[in-house]
Amino acid sequence: MSPQPSTSKDTSQPKTSPGGPGSKVKTTPQKGKRSKSRSPSPRPPRSLKDTDYIEDTLLEKSGVNGDLKVTYVDSEEMLFDEVLKLISRWDPDILVGFEIQNFSWGYLLQRASHLSINLCALMSRIPEDKRKSSFKAESDEWGADHSSEIHIAGRIILNLWRLMRHEVALNIYTYENIAFHVLHERIPHFSFQTLSSLFNHRTHLYRWRFIQYYLTRVEGNMRIIDQLDLIGRTSEFARVFGIEFYHVLSRGSQYRVESMMLRLAKPMNFIPVSPSVNQRARMKAPECIALTLEPESRFYPDPVIVLDFQSLYPSIMIAHNYCFSTCVGRLDYLKKAYDGPIEFGCTNLRITPSTLDKIKDHVTVSPNGVVFVKKHIRKGIISSMVDEILNTRIMVKKSMKEYKKDKGLQRLLDARQLGLKLIANVTYGYTGANFSGRMPCIEVGDSIVRKARETLERAIQLVEDTPRWGAKVVYGDTDSMFIELKGRSKDEAFVIGQEICDAVTAMNPKPIKLKFEKVYLPCVLQTKKRYVGYSYETPDQKEPVYDAKGIETVRRDSCSAVSKILERTIKILFTSRDVSQVKEYILKQCTKLMQGKVSMQDCIFAKEYRGMKGYKPGACVPALEIAKKLLRNDRRAEPRVGERVPYVIVYGSPGLPLIMLVRQPQELLQDPSLRINATYYITKQILPPLDRLLSLLGVDVFSWYNDMPKVVRVLPQSLMPAEKKKGTISQFFSTVNCPVCDKLTNQTICNNCMQNPQMVCVSLCDRITKWEKVHQTLIQICNTCMGVQDERQPCDSLDCPIMFRRVLAKQDHHKADQLRVTLEKALEF
DNA sequence: CGTCAAACCTAG
DNA sequence: TGAGCTAGGTTTGACG
C-alpha cells in the first residue's frame, strides 16, 4: 500500500466543534499491516487555495505512530464517503464514542444530515430498514439515562462517558479525569479554540499535533474499555441473564429478572400477570419497612464487630418459599375466598374452598399475615430461581479459587459471579416495584421485608440475651448488626463474633447465614447510615483500613477539600486519640484556605445536571445556573443530562444569595479579581461535618475557628481589572501589601522598606527569579505530558492539578513583570 | 426564627 | 416511548 495522494481537506465547522468528530473509535488498522514505506507524496495541485499540505516525512518529525494511514479528500461529502468505506471495510459490531450526542458520531450524523446524507442508514447493516436506524438531531431529555440515543441497525453504539457513570464513581466525568482514574495517566486537554488554531495553523507540525491529540483519545477510549473489561463483562452478563448485549447496558433490572424468571415459568406452564396502569395504581401500599436502628451516636473506643446476613432477602425467599406462585393471599381475606376472588397483588385471586381445604395444613404464614404454601406442595419460581443463582454463584466462586492462574478465566468468572449477585439482590426489588412494575406483588414484597426484619430482630434479641458474650447491639440496618464489646480485645472480638454468627445461623432455616464482616477499632457512629471506623477483617491483620459509610469522605456532594480534611482528621483522631493534634491540623487548614493557598481544585463542587426540564420552576441550583450561562454563549454548550457540572463559590458583597456566588472554575482562573470564598468553605462546608464528628467527643470546632486569628487577604491594585465587577468584594479593599515586607501600605513599597533600597532590590529580584523558575518548571511538566518541546498551546484540563498551578504561576509571572517595574522605579531613588 | 420542600447522594 | 425498592441526612431558600 502506498500513501494516498495528499490533497488538503477543509470543512466548514460549527462554532464549537473544530476539525472533526470528538473521539471516534473506528477499528484501528492492524499493526504491521502497513510497512514503513514513506515515499514522498505527490504535491497537491497548486490550484487549491489552501497552501497547507502534509508530507509523510512530517509523520516522523511529529512522532505520530507509524501505523497511520491518512486519506485526503476535497470536500466534506467525500469525507463521508471515506468514513463509510472504512465502516464497510472493517464492518465493526460496536461503534464507540466518548460523547456521542454532540460530538463523535452524533456530530458526524448532524453534519451529514445538514448535507442531506442519510449517514445513519448508510452505516447500518440493513440500509433498507430506514425505521431502525435513527438519531435525534434535537437532543431531548428522554433516553438521557441510556447509553445511546443513536440507533444503527446491526451495530451497537456505545456512549462511553455515560457507561462510565455506572462503572466508576467519579466527581467529574471528563475524558481526562476518567483516563486518570482508570488508566492512571494524565492526558492533556485542548479547548476547541486551541484545536481549531492547531488545525488551521500554517505550520504542518501543528496540524499533526491536532491529529495526534485525537488519536490519543481514540486509542484511550479503547484502553479504558479494555482496562475495565467492559465488553467481556457485558457479554458475560448477557449470557448469565439471557438477554442481548446491548440490553445489558440499556435496559433496567426488571428486564433481567423477567428474562430469567420467564424462562423458568414457561416450562411450568405459568403465564405472568400483566396489570394495567390502573390496576397497578390500585394495588395496596406497602406496610412493612426494613429495620434500621437508631445508633447511640458517639465515639466507640472498644471493639465493635460488624455482622452481616449474607444475601438476606434472597435467602429468605428460598428459606420460606416466598414467591408469586406460592402465595395464597392475606390471611384476613381468605375467609372471603368462599364468596369469590380475593384481592391479591394488583389483581384478584380465585381460590376454591376445596383447594383451600386441601392446602390448609401445608402453609406458612408470614409475620405480616400472608399465606404461602410449603415447598412440598409447590416450589416457588422466584425462590427456586434465586436458589439456583446463589448455588451457581458459590460454584463459580469455587472454580475461581481452583483456576487462580488463568487471568482471563478469572475475569470471566468474576463477572459471572457478580452478575449472579446483582440479579439475586434485585429480585426482591422486582416484587415491590411500584409505579413501573410489570408484575409487582406487594404481598410477596412485604412478606420478605417483614420476615427479614423479624430475622434481624431475633438475632439482636439473642445477642442481648446471652450474657456470656457481654455484647451490646449498638446499630443495625436491614441485614447488619453492630455489636459493641466493652473491655474486650480485638482478638477476643474475632472469637466472640464468630460464635455469635454460628449461633444465629444455627437458629435460622437454611440458607440464611450470618457472616462475620469486620471489627471496628475504634469507630464513630454518627447517625443512621453514617459511620466510620478503622476496620480489621482478619485477626492477623496488622494495619487497619479506614472505612467510612455515608459521611462526607465518601459523598460526592461536597468538594474534595471537605473530604480530605475530614478524612485526615478522623485518621489523626483514631491513631493518636489526641484532640490537640486534631485542633492544630484543622486550624492550619483553615489558615491555608484563608490565605488562598489551597488549590482551587480542592474547592470544586460537581453535581449532576438534570436538564432544563429536570427542575421545578424557579429552582435555584448551581448546575442549572451554570448551564444557563453556558447556553447564553453557545446553544450547543449545554451540559448533557446526567453530566456532573463543576462550580466554585467566590467572594461577593455581603447579603447576596449563595447562587450569585457560583462560578465556573475557568472563570476564576481568567478573572484575577475573583477569589475563593474561604469563609463559605470553612463555615458552611468544612466545619459542619467536622462538628458532627467532634461534637460527639465534646469538642466545639466552631469555637476553635471563632477564636483563631483571621487572615485578611488583600488583592493588589495591579490585579484589579479596569472595570471592577459589581458585587465582588474586591472593590471594598483599597489598601495593598508591600511586596517586600508584606505589611499593609498605601505606597507601592512601604516607607520602611524604602529606607533600604539594597534590601528591596535583593528581595524583589529573588522573588522574581523564584516565580519564573516555578513557572518554567511547570511548563516543562506540561510539555512532557503533551509530548512537545515548546509551549505554544498549553493544555487546559480542569482535572489536572499542574494546570491550575501553571495558571497561578502565570499570574505570579505577571506579578514578577510588575515587580520589575516597581523595582526600576525604586532604584531611581 | 422555625418549618417545609426540593435537590443530592448514599446505605442497604 | 421506560423506569427495582425504601430510608436517611444535609444544604438551601421560600414562606409564615
Side-chain angles (χ1 to χ4, degrees), chain A residues 134 136 140-146 149 151 169 171 247 250-258 261 277 280 285-295 297 306 308-313 422-442 444-446 448-449 452-453 456 475-482 517 526-531 547-558 562-563 605-610 614-625 642 644-645 649 656-662 680 683-685 688-689 691-692:
Chain A
S134 66
K136 294 195 170 66
D140 69 21
E141 310 305 325
W142 184 75
D145 245 12
H146 295 280
E149 296 71 36
H151 299 281
N171 206 15
H247 287 166
S250 63
R251 310 274 312 245
S253 38
Q254 278 201 74
Y255 190 75
R256 301 176 181 188
V257 175
E258 268 166 17
M261 188 180 66
V277 179
R280 208 190 298 146
E287 290 162 1
C288 305
I289 55 168
L291 176 66
T292 310
L293 300 181
E294 188 68 58
S297 159
V306 181
D308 255 37
F309 280 103
Q310 230 175 44
S311 322
L312 183 58
Y313 285 4
L422 285 178
I423 199 81
N425 283 336
V426 99
T427 309
Y428 153 72
Y430 182 82
T431 64
N434 234 347
F435 58 99
S436 64
R438 227 183 309 274
M439 194 173 74
C441 182
I442 203 60
V444 177
D446 255 9
I448 298 169
V449 176
R453 192 186 166 107
L456 183 59
Y475 177 59
D477 187 351
T478 314
D479 62 352
S480 64
M481 285 199 288
F482 288 55
E517 200 69 15
Q526 248 176 39
T527 59
K528 289 176 174 178
K529 299 180 194 285
R530 289 185 160 227
Y531 53 87
D547 186 27
K549 293 286 157 79
I551 62 169
E552 281 72 8
T553 52
V554 292
R555 295 181 66 87
R556 291 178 295 172
D557 49 3
S558 55
V562 174
S563 46
F605 297 93
K607 306 239 167 107
E608 259 186 30
Y609 173 63
R610 298 189 189 169
Y615 295 95
K616 294 259 159 157
C620 90
V621 178
L624 179 63
E625 219 55 36
R644 297 181 67 87
V645 178
I649 304 292
L656 276 179
L658 194 59
I659 197 77
M660 303 295 290
L661 307 179
V662 170
Y680 170 81
T683 62
K684 298 285 181 189
Q685 293 294 329
D691 182 56
R692 283 192 282 277

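Every chain is numbered from 1 and lettered A, B, ... according to where its sequence line falls, protein lines coming before strand lines. None of these values were measured; they are calculated from a predicted model.
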**Prompt:** Of the candidate nucleotides C:dA3, B:dC9, B:dA7, which contains the atom at the shortest distance from the side chain of A:Arg251?
**Reply:** C:dA3

**Item:** Atom pair CG (A:Leu661) and CG (A:Leu656), whose distance is rounded to the nearest 0.5 Å
**Value:** 6.0 Å

**Asked** Where is the tightest heavy-atom contact between A:Ser480 and A:Asp308, given as atom of each residue plus distance?
**Response** CB-OD1, 3.1 Å

**Request:** Quick one: label A:Arg256 by what it contacts on the DNA or RNA (base, sugar-phosphate, nothing), any heavy atom closer than 4.0 Å.
**Result:** nothing

**Request:** Mind calculating the distance between CZ (A:Arg438) and C1' (C:dG2) to the nearest angstrom?
**Result:** 8 Å

**Asked** Taking C-beta and beyond as the side chain, do A:Leu456 and A:Asp479 meet within less than 4.5 Å on heavy atoms?
**Response** no

**Prompt:** Looking across every strand, which nucleic acid part, if any, lies under 4.0 Å from A:Val621 by heavy atom: base, sugar-phosphate, or nothing?
**Reply:** sugar-phosphate

**Prompt:** Looking across every strand, which nucleic acid part, if any, lies under 4.0 Å from A:Val554 by heavy atom: base, sugar-phosphate, or nothing?
**Reply:** sugar-phosphate

**Request:** Measure from the side chain of A:Ser253, starting at C-beta and using heavy atoms only, and say which of C:dG4, C:dT12, C:dT11 lies closest.
**Result:** C:dG4

**Request:** Can you figure out which of C:dT12, C:dG9, B:dA11 approaches the side chain of A:Arg555 most closely?
**Result:** C:dG9

**A:Ile551 CD1 to B:dC8 C1', straight-line distance once rounded to whole Å** = 17 Å

**Message:** Whole angstroms only, please: what is the CD-P distance between A:Glu552 and B:dA11?
**Reply:** 11 Å

**Item:** Of the listed nucleotides C:dT10, C:dT12, C:dG8, the one nearest the side chain of A:Lys684
**Value:** C:dT12

**Request:** Classify the nucleic acid contact of A:Tyr680 as base, sugar-phosphate or nothing, counting any heavy atom under 4.0 Å across all strands shown.
**Result:** sugar-phosphate

**Message:** What's the closest nucleotide to the side chain of A:Cys620 if the choices are C:dG13, B:dG12, C:dG4?
**Reply:** C:dG13

**Request:** Respond yes when some side-chain nitrogen or oxygen of A:Tyr615 is under 4.0 Å from OP1 or OP2 of B:dC8, and no when none is.
**Result:** yes

**Request:** Would you indicate what A:Tyr255 reaches in the nucleic acid, counting non-hydrogen atoms under 4.0 angstrom: base, sugar-phosphate, or nothing?
**Result:** nothing

**Item:** Listed nucleotide nearest any side-chain atom of A:Thr527, set C:dG4, C:dT11, C:dG9
**Value:** C:dG9

**Request:** Determine the contact category for A:Phe605: base if any of its heavy atoms lies under 4.0 Å from a base atom, sugar-phosphate if only primed atoms, P, OP1 or OP2 are that close, otherwise nothing.
**Result:** nothing

**Request:** Taking only the side-chain heavy atoms of A:Ala433 (C-beta and beyond), determine which of C:dG4, B:dC8, B:dG12 contains the nearest atom.
**Result:** C:dG4

**Request:** Select one nucleotide: of B:dG12, C:dG13, C:dG4, the one nearest the side-chain heavy atoms of A:Pro657.
**Result:** C:dG13

**Request:** Please confirm whether any donor atom in the side chain of A:Arg556 sits under 3.5 Å from an acceptor in the base of B:dC9, or the reverse.
**Result:** no

**Item:** Phosphate contact (B:dA7 OP1 or OP2) by A:Tyr609 side-chain N/O below 4.0 Å
**Value:** no

**Message:** I'd like to check the ring pair (Phe, Tyr, Trp, His ring centres under 6.0 Å) partners of A:Tyr609; sequence neighbours left out, ordered by chain and number.
**Reply:** none

**Item:** Contact under 4.0 Å: A:Arg530 side-chain N or O vs C:dG8 OP1/OP2
**Value:** no

**Fill in**
In whole angstroms, the gap separating P of C:dT10 from NZ of A:Lys528 amounts to 13 Å

**Fill in**
Heavy atoms of A:Arg644 and A:Arg556 approach each other most closely as NH2-O, 3.0 Å

**Fill in**
A:Asp557 has its side chain closest, among B:dT10, C:dG9, B:dG12, to C:dG9

**Prompt:** Are the side chain of A:Arg453 and the backbone of A:Ile289 linked by a donor-acceptor contact shorter than 3.5 Å?
**Reply:** yes

**Prompt:** Across the strands shown, which category fits A:Pro286 at heavy-atom distances under 4.0 angstrom: base, sugar-phosphate, nothing?
**Reply:** nothing

**Message:** For a quick test of reading the model: is some side-chain N or O of A:Tyr430 closer than 4.0 Å to OP1 or OP2 of C:dA3?
**Reply:** no

**Nearest-nucleotide comparison on DNA chain C, the residue closer to the 5′ end among A:Gly437 and A:Thr292** = A:Gly437

**Asked** Between A:Leu312 (CG) and B:dG12 (C1'), how many Å, whole number?
**Response** 11 Å

**Item:** Atom pair distance, as rounded to whole Å: CD in A:Gln526 and C1' in C:dT10
**Value:** 11 Å

**Item:** Any A:Thr478 side-chain N or O less than 4.0 Å from OP1/OP2 of B:dG12
**Value:** no

**Item:** Closest non-hydrogen atom pair between A:Glu552 and A:Ser563, with its separation
**Value:** O-CB, 3.5 Å

**Message:** Rounded to whole Å, please give me the gap between CD in A:Glu517 and P in B:dA11.
**Reply:** 14 Å

**Message:** Minimum heavy-atom separation for A:Glu608 and A:Tyr615, please, with both atom names.
**Reply:** O-OH, 3.5 Å

**Asked** Which of the following nucleotides, C:dT12, B:dA11, B:dC8, is nearest to the side chain of A:Lys529?
**Response** B:dA11

**Message:** Using the C1' atom as the point on both nucleotides, what is the distance between B:dG12 and C:dG4, in whole Å?
**Reply:** 13 Å

**Spacing of A:Ile448 atom CD1 relative to C:dC5 atom C1', expressed in whole Å** = 11 Å

**Prompt:** For A:Arg610 and B:dA6, is the shortest distance between a side-chain N/O and OP1 or OP2 below 4.0 Å?
**Reply:** no

